[in-house]
Amino acid sequence: MTKSLVIAAALFAATLVSAEAQVCKVTDPTTTKLNVRDSPSGKIIGKLANGRLVYITDIDYDAKGRAWALVFDVKNDRYLGWVFREFISCYQ
């Protein structure tokens with residue numbers, strides 16, 4: 001499956017779950033912004049500041065067994081990418 005089809009499928013899934021999704025916040029303990037990647041442990045495609053509100057639509061694991069979360073923006077349902085799951089805190 002091509003990357004654009006994967007992104008399109010993820011966007012469709014996000015519209016189905018966004019109304020019920022749990023709100024999460026970027027809580028990276030380092031002094032830098034959280035890297036956003038095109039896949040778990042993949043190429044960096046952006047950065048997110050602490051406090052940014054997101055929701056998770058999928059969890060996957062890299063070759064080292066670390067959890068990565070596929071996140072979307074809470075305000076506009078925009079696809080953001082994959083982030084290290086440990087640096088996202090979720091609440092109701």
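Note that the coordinates shown come from a computational prediction; the quantities given were computed from them, not determined experimentally. Side-chain atoms are counted along with the backbone in the values below, which use heavy atoms only and exclude waters and symmetry mates.
Asp77 is listed as a side-chain neighbour of Tyr55, based on a closest heavy-atom distance under 4.5 Å. Contact check for Leu48 versus Lys33: no side-chain heavy atoms found under the 4.5 Å cut-off. For the pair Arg37/Ile45, no side-chain contact is recorded, criterion being any heavy-atom separation below 4.5 Å from C-beta on. Counting only heavy atoms from C-beta outward, the side chains of Val83 and Asn35 never approach each other to under 4.5 Å.
Lys25 pairs by the side chain to side chain donor-acceptor pair (under 3.5 Å) definition with nothing, not counting sequence neighbours. In this structure Asp60 satisfies the salt bridge (Lys or Arg N to Asp or Glu O under 4.0 Å) test with no other residue, sequence neighbours excluded. For the side chain to side chain donor-acceptor pair (under 3.5 Å) test, no residue two or more places apart in sequence or in another chain qualifies with Ser39. For Arg52, the salt bridge (Lys or Arg N to Asp or Glu O under 4.0 Å) partners at least two apart in sequence or on another chain are Asp73. In this view, Thr30 and Asp28, Thr32 satisfy the side chain to side chain donor-acceptor pair (under 3.5 Å) rule, not counting sequence neighbours.
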For residues 62-71, run the donor-acceptor check on the side chains, cut-off 3.5 Å, and write out each pair with its distance to 0.1 Å, sequence neighbours left out.
residue	atom	partner	partner atom	Å
Asp62	OD1	Lys64	N	3.0
Asp62	OD1	Gly65	N	3.1
Asp62	OD1	Arg66	N	2.9
Asp62	OD2	Ser41	OG	3.0
Asp62	OD2	Arg66	NE	2.7
Asp62	OD2	Arg66	NH2	2.8
Asp62	OD2	Trp68	NE1	3.0

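How far OG1 of Thr27 is from CG of Leu34: 8.5 Å, rounded to the nearest 0.5 Å. Taking CH2 of Trp82 as the start and CD1 of Ile59 as the end, the distance is 7.5 Å to the nearest 0.5 Å.
When all heavy atoms are compared, the tightest approach of Ile56 to Cys24 is CD1-SG, 4.1 Å.
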